Peer 1: 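To start, I am sharing the structure in question, which I have written as structure tokens.
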Protein chains: 2
Amino acid sequence: MIENSPLVRKLGAFVALSDSELSVLTSLHKRRRTFVAGRDLVLQGQSDQAAYILASGWASSYKLLEDGQRQIVDFQIPGDFLGLRSVLLNVSDHSIEPVTDIEVTEIHVDDLLGAFSQTPRLATAVLWAASRDEAMVVEHLVSIGRRDAAERMAHFLLELGARLALVGLGSKDGYACPLTQYLLADALGLSAVHVNRVLRQLREAGMVTFRDGSVVFDDYDQLANFAQFEPSYMDQRGPLLQ
Amino acid sequence: MIENSPLVRKLGAFVALSDSELSVLTSLHKRRRTFVAGRDLVLQGQSDQAAYILASGWASSYKLLEDGQRQIVDFQIPGDFLGLRSVLLNVSDHSIEPVTDIEVTEIHVDDLLGAFSQTPRLATAVLWAASRDEAMVVEHLVSIGRRDAAERMAHFLLELGARLALVGLGSKDGYACPLTQYLLADALGLSAVHVNRVLRQLREAGMVTFRDGSVVFDDYDQLANFAQFEPSYMDQRGPLLQ
DNA sequence: CGTCTGCTTGAGTCAGGTCAATTCTCGTGG
DNA sequence: CCACGAGAATTGACCTGACTCAAGCAGACG
């Protein structure tokens, strides 16, 4: 069923898509591809890349500094775009590495831009999706700039949970999480050692347990309160554009 | 001259605009408004806002935490959008405060989305502009996550200089800068006291002087090298879409 | 079985924060 | 013209959250 593709579900939350728009959207889904964990899809500085939509698995977008430090900007979960910004800017400002083995569908820029002129509402929907991604990056920025390590970790685990819940991969009880403590460190701007200490602290406080590839919310409300988690920036409440 | 409006110049860098597209774009420019420094235009959580294009002056976008801490996400300079994300998401995830007295032109969402259906290439251009803004936020995130205070400050002053140079308000010699050390602190995730110390350090190293409302690059190359400043993510090299 | 990747914990250090005091405008009212 | 107060910049003394270095452990895999 085409209507169940992650992209359709995502864009449909903003724009009520007509049959003809759906079929244009469907025609975008080109080749299905798979990539193995750890081998980069896109490298910082490359141009003329394709964009992808993540069908299964997790990926990470990151930037490397010259001195070898790494900052992970965001993780992508099923339904998310990979490399959309890279194609629009023509040159990628970041690298993308699969965290697990992943399946994606490839989209060519020309097709995407062509689709915009046939069905302008699609352009609006994509612009909305991009804004939503940007809001997530902004919240991440605030976390790193102004929250201490424990709050930052708590907020991050909650946000990831909320995103996964939207695509049916998590709940307020917890979720399966393939990230290592090293990946958490690079995402949160901490050292791996400190990530470990903070996780222990949150676990001993009875709020979350991160262990063996799964996140368990031991006390969701207390955790949300501790992290000042305000998920309004990721709300989806029905198509805004009829 | 309409062709000289900051928005037209900005979008024209990505999409070669036809006369009819230009006239649609022009029709978007509604009421001209002014706001005084320090009084917020948009507050976190508000909905049904208008978007604006900044014509003169500087503004800041920030988020407040419940405990009163503030993180400035970005500063806007002439030609930049204000609150575009807020209208697309329908509810603002951040507040906007003018740093100086500012002049803006108001744009109504309905008009903007309507314009997309008449001239889809405009939608592509706006999507491109949004991607460029996002790339800036991402670079800011990397700075806060992985650079120490001095590198962060150096990188920030260089990026601002490059942005100002694009709209004719700065050069490699320096630029007029209305920011206070408190604003810098909230933008860089530092304390105001430490901002002061870092500025002194950079000044005494002969790289930049931040003083009396102006930034002077005493040794641009040394500073760029010190900050690992790689401005490729903000390059503009001619219309990509003919 | 040895090696590798990921997790855990302790000890010591330091970048950047907090608190506090001082100076320097500059606008405002007497 | 001068006293005053508010905002901004500056500097010192001290403290602490997070880092680095180092060591040890456990499961996975060839």
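Keep in mind that what you see is a predicted model, and the values were worked out from it rather than measured. Sequence lines set the chain letters: A, B, ... in the order given, protein chains first and strands last, and positions in each chain run from 1.
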Peer 1: What nucleotide, of C/dG17, C/dT8, D/dA18, holds the atom closest to the side chain of B/His194?
Peer 2: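 So the nucleotide nearest the side chain must be C/dG17.
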Peer 1: Can B/His155 and B/Glu139 be counted as having a side-chain donor-acceptor contact under 3.5 angstrom?
Peer 2: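 Result is yes, a qualifying pair exists.
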Peer 1: Enter the inter-axis angle for the ends of the helix from C/dC1-D/dG30 to C/dG30-D/dC1 (five pairs per end, rounded to 10°).
Peer 2: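 Between the first-five-pair axis and the last-five-pair axis there is 30°.
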Peer 1: Can you measure A/Met153 atom CE to C/dC7 atom P for me and round it to whole angstrom units?
Peer 2: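 Rounded to whole Å, this separation is 11 Å.
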Peer 1: How many whole angstroms separate atom CG of B/Leu184 from atom P of D/dA8?
Peer 2: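 Going from CG in B/Leu184 over to P in D/dA8 covers 12 Å.
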Peer 1: Over all strands shown, is A/Ser191 touching base, sugar-phosphate only, or nothing at heavy-atom distances under 4.0 angstrom?
Peer 2: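 Counting heavy atoms under 4.0 Å across all strands, the contact made by A/Ser191 includes a base.
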Peer 1: Would you say A/Gln44's side chain and A/Leu64's backbone share a donor-acceptor pair under 3.5 angstrom?
Peer 2: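 Here the side-chain-to-backbone pair exists.
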Peer 1: State, with a plain yes or no, whether a side-chain heavy atom of A/Arg152 is found less than 4.5 Å away from one of A/Leu190.
Peer 2: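 Yes - at least one pair of side-chain heavy atoms lies under 4.5 Å apart.
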Peer 1: Measure the distance from CG on A/Leu190 to P on D/dT20 and round it to the nearest whole Å.
Peer 2: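 Atom CG in A/Leu190 sits about 11 Å away from atom P in D/dT20.
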Peer 1: Could you state the atom-to-atom distance from CG of A/Leu183 to C1' of C/dT5 in whole Å?
Peer 2: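 One finds 12 Å between C1' of C/dT5 and CG of A/Leu183, rounded.
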Peer 1: Starting from the 5' end of DNA chain C, give me the residue, A/Val193 or B/Val195, whose nearest nucleotide shows up first.
Peer 2: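 Its nearest nucleotide lies further toward 5', so the answer is A/Val193.
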Peer 1: With a non-hydrogen cut-off below 4.0 angstrom, is B/Gly213 in contact with a base, only sugar-phosphate, or nothing?
Peer 2: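 Nothing, no heavy atom under 4.0 Å.
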Peer 1: Of the candidate nucleotides C/dG17, C/dT9, D/dC19, which contains the atom at the shortest distance from the side chain of A/Asn196?
Peer 2: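 So the side chain of A/Asn196 is nearest to C/dT9.
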Peer 1: Can you check side chain to side chain donor-acceptor pair (under 3.5 Å) on A/Gln46 and A/Ser92, steps first, answer last?
Peer 2: CA-CA 6 Å; A/Gln46 280 184 328; A/Ser92 184; over 6 Å; no
Peer 1: Could you state the atom-to-atom distance from CD of A/Gln181 to P of D/dA26 in whole Å?
Peer 2: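 Rounded to whole Å, this separation is 16 Å.
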Peer 1: Between D/dT20, D/dA9, C/dG6, which nucleotide has the shortest distance from any of its atoms to the side chain of A/Tyr182?
Peer 2: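 Of the candidates, C/dG6 comes closest.
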Peer 1: Looking at A/Glu66, is its backbone amide N or carbonyl O close enough to the side chain of B/Gln228 to form a donor-acceptor pair, meaning the two atoms are under 3.5 Å apart?
Peer 2: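 Answer holds: yes.
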Peer 1: Whole Å only: how far is the CD1 atom of A/Ile144 from the P atom of D/dC19?
Peer 2: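 Roughly 11 Å, once rounded to whole Å.
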Peer 1: Using a 3.5 Å distance criterion without hydrogens, assess whether the side chain of A/Gln76 forms a donor-acceptor pair with backbone atoms of A/Trp58.
Peer 2: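 No; zero donor-acceptor contacts below 3.5 Å.
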Peer 1: Could you check which residues of residues 197-206 of chain B get a heavy atom under 4.0 Å from DNA chain D? Sort them by number, please.
Peer 2: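 Heavy-atom contacts with DNA chain D come from B/Arg197, B/Arg200.
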Peer 1: Determine the contact category for B/Arg152: base if any of its heavy atoms lies under 4.0 Å from a base atom, sugar-phosphate if only primed atoms, P, OP1 or OP2 are that close, otherwise nothing.
Peer 2: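 It contacts nothing in the nucleic acid.
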Peer 1: Between B/Glu106 (side chain) and B/Arg32 (backbone), is there a donor-acceptor pair under 3.5 Å?
Peer 2: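 No; zero donor-acceptor contacts below 3.5 Å.
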Peer 1: Would you compute the distance between atom CZ of B/Phe75 and atom CG of B/Leu183 and round it to the nearest 0.5 angstrom?
Peer 2: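 So the CZ of B/Phe75 and the CG of B/Leu183 are separated by 5.0 Å.
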Peer 1: Nearest 0.5 angstrom please: B/Ile77 CD1 to B/Arg163 CZ, how far?
Peer 2: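 B/Ile77 CD1 to B/Arg163 CZ: 5.0 Å, rounded to 0.5 Å.
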Peer 1: What is the distance, to the nearest angstrom, from the CZ atom on B/Arg211 to the P atom on C/dT25?
Peer 2: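 Checked: the CZ to P distance equals 11 Å.
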Peer 1: Side chains of A/Ser60 and A/Glu97: do they bring a donor and an acceptor to under 3.5 Å?
Peer 2: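 Result is no, nothing qualifies.
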Peer 1: When all nucleic acid strands are considered with a 4.0 Å heavy-atom cut-off, which category describes A/Gly189: base, sugar-phosphate, or nothing?
Peer 2: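 If one applies the 4.0 Å heavy-atom cut-off, A/Gly189 turns out to touch the sugar-phosphate alone, with no base involved.
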Peer 1: Atom CG of B/Asp212 to atom C1' of D/dG7: distance rounded to whole Å?
Peer 2: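 Computing the B/Asp212:CG to D/dG7:C1' distance gives 15 Å.
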